[in-house]
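Let me begin by presenting the structure, written as structure tokens, before commenting on it.
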Amino acid sequence: MMNIDTFAGLLLSWWSENKRQLPWKNSHDPYIIWISEIILQQTRVKQGTPYFLKFVHTFPDIQTLADASEDDVMKAWEGLGYYSRARNLQQTAKVLASNHGGKFPDTYEEIIQLKGIGPYTAAAIASFAFGLSYPVVDGNVVRVVSRVNGILEPVDNKATLQSIYGYVNKAIQGHDPASFNQALMDFGSAVCVPASPACILCPMTDYCMANKDQKTQLIPFKAKKVSRKNRYYHYFYLDRPDRQMIITQRTGSDIWKKLYELPMVETEDESVPVRGLITQKLGFWFSHLKDDDYIMEEVCRSRQVLTHRNVYGFFYRIVMINPAIKINKGQYLVEREKVSNFAFPKIISDYLKSIDS
DNA sequence: AAAGCGGGGCT
DNA sequence: AGCCCAGCTTT
């Protein structure tokens, strides 16, 4: 193991001349820090920053977020992904507003009990907002510590992660927690990057086991491999002369929960669903519908790659011959011009954009 | 412990 | 095509 004091000293010395300026760093408001940390979970700073600016402008404090409509919160999150973050964010805002007098808790033990806040985020808020000494262990930190210490064991293993946490927890002692944590993440994202790290510029190069053994490409090692399953979604755009369209909300414990989409049928493979199935589906909106009461044409196909899914989208345009319609719970008849008030998965918003032009 | 959960950027 | 990103929750 690299000497703890040497590690901390070189890190902080590097950071004193290489601090990143980020919008949420101007604030000690735990609400602002909370929002920034949730947005940045599994999300690059560059991708998350515009969302952060928009989100704290729209929802400037706990009470505003607690009082907002769920649709508006999801809309602010549209396109960012991992939408449970947005749902948990508002749920926690409601809890804080009603049970904690609108105040953010100021101890690690209370913070980590909040929905959507795990070990990393609790440590980040505790240190950045309240100056408490808890080490942040994110992807950057795991990479830096596993490399300098030449850890070849899988880092997605509980015991390995514990040893990394223990190392950082010792290293942070005696230093300003916020500065130390920020320094470690900045260092990981600027120097000790995943591919082709800048070892030539690294102040720890003389002490780094991975560099000495030429193993920066192998460390950190992850045992788990992602496998993607295919899903086939057939979306129906009901083209109506009054420029209104039907959208539905996803409610199950599945991808894109709480987002909106078009009426849809899922199939097991890429074959087009049989007419009878489509008619049955459209029967949600049109009573006594028969197979020849509508015209259908396939308009386009697209694919969206998620971490663990390939989503194949098939889009069909439907023209009703008898347009009497009924709308049920969780379904909406929306004017085309107002559809942008709702949050959609990217595969749907891309399609809606394409038929606008 | 393993699986599920988005979207984008880089190699 | 594969990997990673200021991870967390559910099973």
Side-chain angles (χ1 to χ4, degrees), chain A residues 20 22-25 33-52 74 77-89 91-92 111-129 134-144 154-161 165 168 178 180-190 192-197 217-229 231 250 252-259 302-311 343-350:
Chain A
R20 269 194 294 188
L22 299 167
W24 45 91
K25 288 294 157 192
I33 293 165
W34 174 41
I35 301 300
S36 73
E37 293 301 340
I38 300 297
I39 286 177
L40 292 171
Q41 287 171 1
Q42 293 289 281
T43 304
R44 288 174 192 281
V45 166
K46 188 172 181 184
Q47 185 188 4
T49 298
Y51 282 87
F52 167 81
M74 298 310 288
W77 213 265
E78 183 183 36
L80 192 55
Y82 286 146
Y83 297 92
S84 65
R85 293 182 292 174
R87 300 192 302 268
N88 291 336
L89 210 46
Q91 184 186 329
T92 295
I111 294 170
I112 200 171
Q113 285 182 30
L114 301 173
K115 196 90 162 177
I117 297 182
Y120 163 77
T121 307
I125 297 172
S127 62
F128 296 142
Y134 291 89
V136 294
V137 181
D138 72 334
N140 290 305
V141 177
V142 167
R143 191 171 56 251
V144 170
V155 295
D156 49 355
N157 166 290
K158 197 173 176 183
T160 310
L161 207 56
Y165 182 92
V168 186
F180 180 89
N181 281 338
Q182 193 57 48
L184 197 40
M185 289 193 287
D186 285 358
F187 179 72
S189 81
C192 198
V193 295
S196 311
Q217 307 303 317
L218 303 175
I219 302 174
F221 172 71
K222 292 184 182 173
K224 293 176 190 162
K225 306 296 173 196
V226 292
S227 72
R228 275 194 194 101
K229 287 179 187 167
R231 298 188 71 168
R250 294 180 65 87
S253 58
D254 197 355
I255 57 174
W256 301 326
K257 184 179 178 181
K258 295 290 186 178
L259 269 59
S302 62
R303 184 179 77 140
Q304 181 169 4
V305 180
L306 310 184
T307 301
H308 48 289
R309 296 281 183 268
N310 281 316
V311 180
F344 296 93
K346 180 172 163 51
I347 198 169
I348 302 291
S349 52
D350 281 353

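Just so it is clear: chains get the letters A, B, ... in the order the sequence lines come, proteins before strands, and each one is counted from 1.
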- Which two nucleotides bound the region of DNA chain B that has atoms under 4.0 Å from heavy atoms of chain A, read 5' to 3'?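 Boundary nucleotides touching chain A, in 5' to 3' order, are dA1(B) to dG8(B).
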Between [N] and [M], how far apart are the two [atom1] atoms, rounded to whole Å?
N: dA1(B); M: dC5(C); atom1: C1'; answer: 23 Å
N: dA6(C); M: dA3(B); atom1: P; answer: 25 Å
N: dG6(B); M: dT10(C); atom1: P; answer: 14 Å

Please work out if [X] contacts a base, only the sugar-phosphate, or nothing of the nucleic acid, heavy-atom cut-off 4.0 Å.
X: Ile117(A); answer: sugar-phosphate
X: Asp254(A); answer: sugar-phosphate
X: Arg228(A); answer: nothing
X: Val141(A); answer: nothing
X: Lys115(A); answer: sugar-phosphate
X: Gly79(A); answer: sugar-phosphate
X: Lys158(A); answer: sugar-phosphate
X: Glu78(A); answer: nothing
X: Leu22(A); answer: base
X: Ser84(A); answer: nothing
X: Ser189(A); answer: nothing
X: Trp24(A); answer: base

- When you list every nucleotide of DNA chain C with an atom under 4.0 Å from a heavy atom of chain A, which one comes first 5' to 3', and which comes last?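 The contacted stretch runs from dC4(C) to dT10(C).
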- Please identify each residue that fulfils side chain to side chain contact (heavy atoms under 4.5 Å, CB included) with Gln42(A), with sequence neighbours left out.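 With neighbours one apart ignored, the set is Tyr82(A).
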- With sequence neighbours excluded, tell me which residues meet side chain to side chain contact (heavy atoms under 4.5 Å, CB included) with Thr92(A).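 With neighbours one apart ignored, the set is Trp34(A), Leu96(A), Leu114(A), Lys115(A).
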- Message: Can you work out whether Ser253(A) or Arg44(A) has the more 5'-proximal nearest nucleotide on DNA chain C?
- Response: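 Looking at DNA chain C, the more 5' nearest nucleotide goes with Arg44(A).
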- Task: With DNA chain C as reference, determine whether Gln47(A) or Ile112(A) sits nearer its 5' end, using the nearest nucleotide of each.
- Result: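 The answer here is Gln47(A).
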- Set of ring-ring contact (aromatic ring centres under 6.0 Å, His included) partners for Phe52(A), sequence neighbours left out: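 Residues passing ring-ring contact (aromatic ring centres under 6.0 Å, His included) with Phe52(A): Trp24(A).
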- Message: So, using ring-ring contact (aromatic ring centres under 6.0 Å, His included) as the criterion, who are the partners of Phe187(A) when residues are at least two apart?
- Response: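 By the ring-ring contact (aromatic ring centres under 6.0 Å, His included) rule, Phe187(A) matches Trp14(A).
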- Go through Leu184(A) and Asn140(A) one step at a time and tell me if the side chain to side chain contact (heavy atoms under 4.5 Å, CB included) criterion holds. CA-CA 8 Å; Leu184(A) 197 40; Asn140(A) 290 305; over 6 Å; no
- Task: Return yes if some donor-acceptor pair links the side-chain N/O of Arg228(A) with the main-chain N/O of Leu306(A) below 3.5 Å, else return no.
- Result: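 Answer holds: yes.
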- In terms of the nearest nucleotide of DNA chain B, which residue is placed more toward the 5' end: Lys229(A) or Phe344(A)?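 Final value for this comparison: Lys229(A).
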- In terms of the nearest nucleotide of DNA chain B, which residue is placed more toward the 5' end: Gly81(A) or Lys224(A)?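 Whichever sits nearer the 5' end wins; that is Lys224(A).
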- Worked check of side chain to side chain donor-acceptor pair (under 3.5 Å) between Tyr120(A) and Gln41(A): CA-CA 9 Å; Tyr120(A) 163 77; Gln41(A) 287 171 1; over 6 Å; no
- Report the C-alpha separation of Val141(A) and Tyr165(A) in whole Å, then their side-chain angles, then the decisive distance to 0.1 Å, and conclude whether the side chain to side chain contact (heavy atoms under 4.5 Å, CB included) test is met. CA-CA 9 Å; Val141(A) 177; Tyr165(A) 182 92; over 6 Å; no
- Task: Could you please spell out the steps behind the side chain to side chain contact (heavy atoms under 4.5 Å, CB included) verdict for Trp256(A) and Val311(A)?
- Result: CA-CA 12 Å; Trp256(A) 301 326; Val311(A) 180; 4.0 Å; yes
- Message: Apply side chain to side chain contact (heavy atoms under 4.5 Å, CB included) to residues Tyr51(A) and Trp77(A) and explain how you reach the verdict.
- Response: CA-CA 7 Å; Tyr51(A) 282 87; Trp77(A) 213 265; 5.8 Å; no
